[in-house]
Structures are given as C-alpha cells and as structure tokens.
Protein chains: 2
Amino acid sequence: MTIKHVAADAGVSLQTVSRVINKEPNVRPEMMARVQASIQKLGYVPSIAAQRMGGSRSYLILALNDRERTIADWRNRQGTDWVDQMLLGGMLKCAEHGYRLIVELVDTHSDHIERELLAAIAALQPDGVILTPPHSGNPIIIRLLDAQGIRFARIGSLQEGPGFTLIMDDERAARLATEHLLALGHRRIGFIAGPAEYELSGWRVTGWRAAMAAAGVADEALLATGDFSHASGRAAAIGLLALPDPPTAIIASNDQMTLATLDLMRERGLSVPGDLSLVSFDDTPIARLAHPPLTAVMQPIADVASRAVELIIGDYAGEPTPAMPVVVPAGLQLRQSTAAPATRT
Amino acid sequence: MTIKHVAADAGVSLQTVSRVINKEPNVRPEMMARVQASIQKLGYVPSIAAQRMGGSRSYLILALNDRERTIADWRNRQGTDWVDQMLLGGMLKCAEHGYRLIVELVDTHSDHIERELLAAIAALQPDGVILTPPHSGNPIIIRLLDAQGIRFARIGSLQEGPGFTLIMDDERAARLATEHLLALGHRRIGFIAGPAEYELSGWRVTGWRAAMAAAGVADEALLATGDFSHASGRAAAIGLLALPDPPTAIIASNDQMTLATLDLMRERGLSVPGDLSLVSFDDTPIARLAHPPLTAVMQPIADVASRAVELIIGDYAGEPTPAMPVVVPAGLQLRQSTAAPATRT
DNA sequence: GTGAAAGCGCTAACAA
DNA sequence: TTGTTAGCGCTTTCAC
C-alpha cells in the first residue's frame with residue numbers, strides 16, 4: 001500500500017494525496033474527501049522512512065537519558081520509575097500526533113559523547129530531542145544539538161542557551177516542604193542536598209534556605225550533601241544527627257537518601273515521625289511503599305515530558321512559543337512520615 | 001554526511017561503501033580498510049530511513065504491550081517495572097546490533113486491533129515484533145504478523161503457531177515455590193491464580209497442583225482465582241482463610257495479590273510469616289520493599305526480552321533457530337515472608 | 001572484486 | 001487548485 005495505490009484509487013495525482021496526508025491547503029474539499037475515502041478503504045498509512053526521505057519529518061523524538069544511572073536504576077529494581085513516567089507523558093503525547101518516542105541512553109561523562117549523539121542523530125534523524133538531567137545542562141550536548149539545527153527540550157536545567165527549558169519548580173517545592181515542617185513546629189530542619197552536578201540540587205537547597213531564613217531559624221550546619229545514593233544519604237544523616245543540636249526533621253533530596261535515613265533511624269531503635277520527621281523528594285514508588293509512607297515532593301515527570309513533546313511538535317505547526325522556562329508545579333504529598341516534633345525536656 | 005561523501009573520500013564507488021557497511025563479501029581487505037578509514041574520519045553513520053528505503057532492514061523492533069494495563073501500571077506507580085525490564089534486556093541487546101526498540105501500546109480487547117497494528121507496521125516497517133502477554137497468545141495478532149511476513153517473538157505463550165516462543169518456566173517456578181513451603185512443613189498451601197486470559201496463570205496452577213499431589217496433600221478447595229488486582233487478591237485471600245481447614249501458607253500469582261493478602265493479615269492483627277507464610281510471583285520492586293520482604297518467584301523479564309531480540313536479529317544472519325519454546329529459568333528469591341507453620345493445638 | 005544503473009515511497013519546487 | 005519533475009540516501013539488480 002503506497003501513495004500510488006491511493007492516487008490511482010482516488011483518480012488523482014500523488015501530490016494531491018500527499019497534500020491531504022499533510023493537511024496542506026489548496027485542496028478542494030471534495031478532492032480531499034475522495035482521497036481520504038481511498039485512504040480509509042485501502043488502510044493506507046504513510047511510511048515514515050519514505051516521508052523522511054522526501055525531506056519531511058521523521059516523526060521520531062529522542063528521549064536522551066543518562067546511560068549509567070538509568071541502567072543502574074533498572075538493575076536495582078528499587079522502584080525508580082523516571083523512564084516510565086517519561087513514557088507515560090511523552091509517548092502518549094507523541095502518539096496523539098503520530099510521533100514515536102525513542103529512549104536513547106548516552107554516557108554523560110564520556111569523551112565520545114559527541115560521537116554517540118551524532119551517530120544517533122545521523123541514524124534516526126529525529127525531529128526533536130528531550131534532554132533530562134544531567135544531560136540537560138551539558139554544554140557540549142546543547143551546542144551540538146543547536147549546531148545540528150535540531151529542536152530540543154531541556155528538562156531540569158535553567159542554564160542559558162538554546163532549546164526549550166522546563167523545570168518542575170524545585171525551589172518552591174523545597175520551600176513548601178520546609179514550611180510544612182515549620183508549621184508542624186519544627187525549628188531544626190536538616191537538609192540533605194543532591195550532587196552539584198545536578199542543577200536542581202542547588203534549587204532545592206535555595207528553597208529550604210529561604211524558608212528557614214524567613215522563619216529566622218537558618219543554620220548552615222543543618223546542610224549536608226549526598227550523591228543521591230543510599231550510602232551517601234546514610235552518611236549525611238549520620239552527620240546531621242551527630243550535631244550538638246541535631247535536627248528534629250530532615251528533608252532529603254531524593255527517595256533513596258530519605259530511605260537511608262529511615263533505615264538508620266530504625267537501626268537505632270528510633271521512630272519516624274516520633275523522633276524525627278522525614279520529607280522526601282521525587283515520590284517514586286519507594287516513597288509510598290515505605291513504612292511509614294513518606295511525605296514527599298511529587299515530581300510531575302509525566303506532565304513535564306508531555307509538555308516537552310508539545311513544545312517540540314507544536315513548534316512545527318508554527319504555534320507561538322511560551323515564555324521560558326516552562327514551569328510545571330510540583331506538589332507536596334502528605335503522608336505519615338511527618339508530625340510535630342517531640343517536646344524537648 | 002552521506003554514502004557519497006565516503007565514496008568520494010575513499011575513491012571508490014557507492015556500491016563498495018555499501019558493501020562494507022553491510023559486511024558483504026567480495027571486497028578486498030585493503031578496499032575495506034580504506035573505506036572504513038573514511039567512514040571513521042568523516043564520522044559517517046548510515047541513515048536507517050534511507051537503508052529501509054533501499055530495500056534493506058529498518059533496524060527497528062517493536063515491543064508490543066497491552067495499552068490499558070501498561071498505562072494503569074504507570075499511573076499507579078506501584079513499582080511495576082515490566083516495561084523497564086523489557087528495555088533493560090531488549091533495548092540494550094538491540095543497541096549491540098545497531099537496532100532500536102520502540103515501545104508500542106495496543107488495546108487487546110479492541111475490535112480495531114488489526115487496524116492499529118497494521119498502521120504501526122506500515123509506518124515503522126519494523127524488522128521484528130516482540131509480543132508480551134496477553135498479546136502473545138492473541139490469534140488475531142499472530143495471524144496478522146505471520147501474514148505480513150514479519151518476524152516476531154511471543155513471550156509467555158505456548159499456543160501453537162508461527163513466531164518464536166519464549167517462556168519463563170512458570171510451571172517449574174510454581175512447583176519450586178510449593179516445594180519450598182512443603183519443605184518448611186506446610187501441608188495446607190493455598191494458591192491464588194491469575195486470570196485465565198493469561199496462559200501463564202494456568203501453568204502456575206499446574207506447578208502448584210503437581211507439587212501438592214506429589215506430596216499427597218492436594219486439595220482443590222485451596223485454589224482461588226483473582227485478576228492480578230489488589231482487590232481481587234484480597235477477595236481470594238478472604239475466601240481461602242475462611243475455609244474450615246484454612247491454609248498455613250498462600251502462594252499468589254503476582255505481587256499485587258500477595259500484597260493484598262499481606263495487608264489483610266495486618267488488618268486482622270495476624271503476622272507474616274508467623275501466622276501465614278506468603279510466596280509471591282513476579283518479584284517487582286514492591287516485593288522487596290514490603291514488610292516483611294516477600295519470598296518471590298523472580299521473573300527474568302530482562303533475560304527473556306534479550307533472548308527475544310537475539311532470535312529476531314539472529315534469524316537474519318542465517319543463524320540456526322533453537323528449539324521452541326525457549327525456556328528461561330525463573331528462580332525463587334527467598335526472603336522473610338516464609339517460615340515453618342505454627343504448630344496446631 | 002568492482003562499478004553503473006534503476007528504483008524504493010515520499011515531498012519540494014516548479015509548471016500548468 | 002492540481003499535476004509533473006527531480007531528488008532524498010541507500011540497496012538491489014546487473015554488467016564489467
């Protein structure tokens with residue numbers, strides 16, 4: 001079934017069929033109806049390879065993820081569902097417009113990152129690329145994509161430069177989380193930050209700092225840093241709890257580090273939220289399956305991915321570009337890991 | 001960068017470059033080296049769209065999943081990582097061979113399933129399709145793929161017919177699980193089966209039945225059925241526990257139903273494994289994050305997906321086809337939800 | 001062992 | 001508004 005069959009069946013030229021397929025103007029309604037009837041009847045669907053060859057779009061969008069971290073998450077099976085949420089939001093939005101989303105893994109730290117990316121682009125010739133952290137802040141990738149003239153969306157990066165930028169308002173989310181704890185009566189609220197490699201690590205710290213300062217209880221000693229791993233979260237928690245005036249609540253920058261803190265408390269025979277309130281970031285399945293279920297900042301990954309696809313596709317239709325960055329609000333999911341602090345003696 | 005540039009740079013014809021790319025014979029080693037040097041130098045990567053247009057492969061493999069169930073899993077965020085494991089095994093294996101894996105969602109119950117599938121095939125012209133349950137047992141899909149002459153692998157189906165078939169040895173796994181409980185001293189072992197729509201539901205029951213019969217403790221009253229949902233698992237568990245001679249252990253056919261049973265026990269103030277031993281199926285993240293962590297049958301989804309890709313790609317190279325079905329062993333992961341039964345008074 | 005030709009299914013630029 | 005022509009980058013004939 002090719003465009004030729006349709007043209008023959010409808011008694012028109014190839015070009016007219018092509019125009020109908022691509023919703024181009026300058027086709028009489030009756031012609032259009034006739035062509036569409038033939039398309040329907042013959043079950044014709046254009047080959048994207050041929051469309052691509054003809055100089056049109058490839059209807060392919062690449063979702064670029066960090067290879068090492070993604071594979072580690074898949075192997076660990078700890079419930080990290082970043083990729084699933086990307087697919088939920090991105091793939092479904094793609095499907096609405098006849099696009100496909102292809103997940104591609106690329107090494108961030110590799111020196112041949114350019115080769116890898118160029119190879120993927122040359123092979124697939126995607127119409128757009130979605131960058132996730134830490135790729136979204138990688139100047140090499142950004143420059144390369146820009147030079148190639150490929151539209152791309154950067155999720156979780158505010159770095160200046162070309163491409164659509166989308167963030168989940170981490171700063172505000174961190175402030176909300178902190179204010180929630182302050183409202184419960186906490187004054188010593190520790191914060192376990194993520195690695196500096198991720199821009200959002202800084203935003204989250206900023207939000208916490210702002211809320212603490214506003215409440216007049218700021219103390220940089222309450223800030224620790226991890227690298228998103230369980231082990232690093234544990235180490236950070238140990239440090240915070242060893243302070244002369246330890247926190248009564250801790251916010252950790254992802255679920256793994258929060259869980260590490262929870263495990264540590266359990267080991268020490270202490271209770272959450274009795275002895276320590278805990279707020280997590282990301283709200284992957286692990287947060288709701290923990291005991292107690294964790295109060296957590298929900299990352300609207302599916303929404304952001306969906307918006308990213310819209311931006312990439314919408315651009316083609318000549319739609320106006322919204323102001324950057326596009327901010328998708330993150331919410332605080334209250335669960336059972338937060339409570340008023342125990343009264344000190 | 002096209003094949004032309006390479007040909008010009010190497011001082012050979014297009015055809016020779018093409019031969020080198022496709023590892024065809026009849027190219028002198030020195031020619032080959034020269035061409036490869038040019039390819040390397042220019043960073044040339046063939047366009048898969050053009051390759052496809054030229055009558056060659058598309059280097060695309062479709063992973064067909066059930067739309068409704070997959071989207072529900074993504075939205076629920078309960079840690080079901082079937083798609084991730086498919087990607088882990090399938091996508092990485094694809095990457096090794098220059099292929100891409102595209103996840104495609106299709107309605108099983110839809111009457112326009114043929115239209116959906118044909119559209120995807122016409123658009124992408126994939127070199128192969130991987131079918132997962134319940135698609136893998138769907139005669140309409142199987143017939144259609146066969147008629148289209150597309151290679152396909154069916155995971156989790158033993159139904160006769162064309163295509164490669166792969167199973168995870170559910171029957172043996174169920175037997176192992178049952179024998180584990182028997183060895184612990186259990187005699188009343190309940191089984192919550194999955195819906196008949198999934199062939200593997202039956203295999204699991206068969207394994208349990210065989211082990212129970214071999215031990216001389218078979219009792220069909222101990223068999224209940226659910227539909228893989230939490231609610232159905234709960235209902236099934238309630239039924240089993242209400243028996244005159246209730247089970248001291250229950251095996252449920254997936255993690256959701258096992259967790260429902262665990263929740264039920266907790267509600268009733270009973271302990272696992274103290275009052276009831278529990279064995280789960282699938283071993284998604286939820287199983288290891290439960291309290292207590294669940295002894296579970298691990299589904300080697302990544303391995304199976306990897307094998308499926310190998311079969312599809314390998315076939316092209318003229319490799320001999322292994323005997324069907326390809327059986328990938330499933331193991332039993334021992335955790336803390338199983339123990340010897342409490343002694344009856 | 002190598003090269004020249006034709007054609008895959010589609011779209012862009014042009015002409016009518 | 002419609003049809004015609006050329007060409008996208010590659011692989012397949014088929015000659016040499």
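Order of the sequence lines sets the chain letters (A, B, ...), proteins ahead of strands, with each chain counted from 1. These figures come from a predicted structure and were not determined experimentally.
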S.K.: Report, as a single string ordered 5' to 3', how protein heavy atoms within less than 4.0 Å touch nucleotides 2-12 of chain C: B base, S sugar-phosphate only, - not at all.
M.R.: BBB--BBBBSB

S.K.: Mind checking the CG-CG spacing from Asp66(A) to Leu105(A)? Nearest 0.5 Å is all I need.
M.R.: 8.5 Å

S.K.: To the nearest 0.5 Å, what is the distance between CG on Leu14(B) and NE2 on His5(B)?
M.R.: 11.0 Å

S.K.: Side chain of Ser58(B), backbone of Gln125(B): donor and acceptor closer than 3.5 Å?
M.R.: yes

S.K.: Drop me the distance from Asp81(B)'s CG to Arg77(A)'s CZ, to the nearest 0.5 angstrom.
M.R.: 4.0 Å

S.K.: Going by the ring pair (Phe, Tyr, Trp, His ring centres under 6.0 Å) test, which pairs reach into residues 18-62 of chain B, not counting sequence neighbours?
M.R.: Tyr59(B)-Tyr99(B)

S.K.: Between Val83(B) and Trp74(B), is there a side-chain heavy-atom distance shorter than 4.5 Å?
M.R.: yes

S.K.: Hey, is the main chain of Ala7(B) close enough, under 3.5 Å, to the side chain of Ser13(B) for a donor-acceptor pair?
M.R.: no

S.K.: Note the angle between the end axes of the helix from dG1(C)-dC16(D) to dA16(C)-dT1(D), five pairs defining each, rounded to 10 degrees.
M.R.: 30°

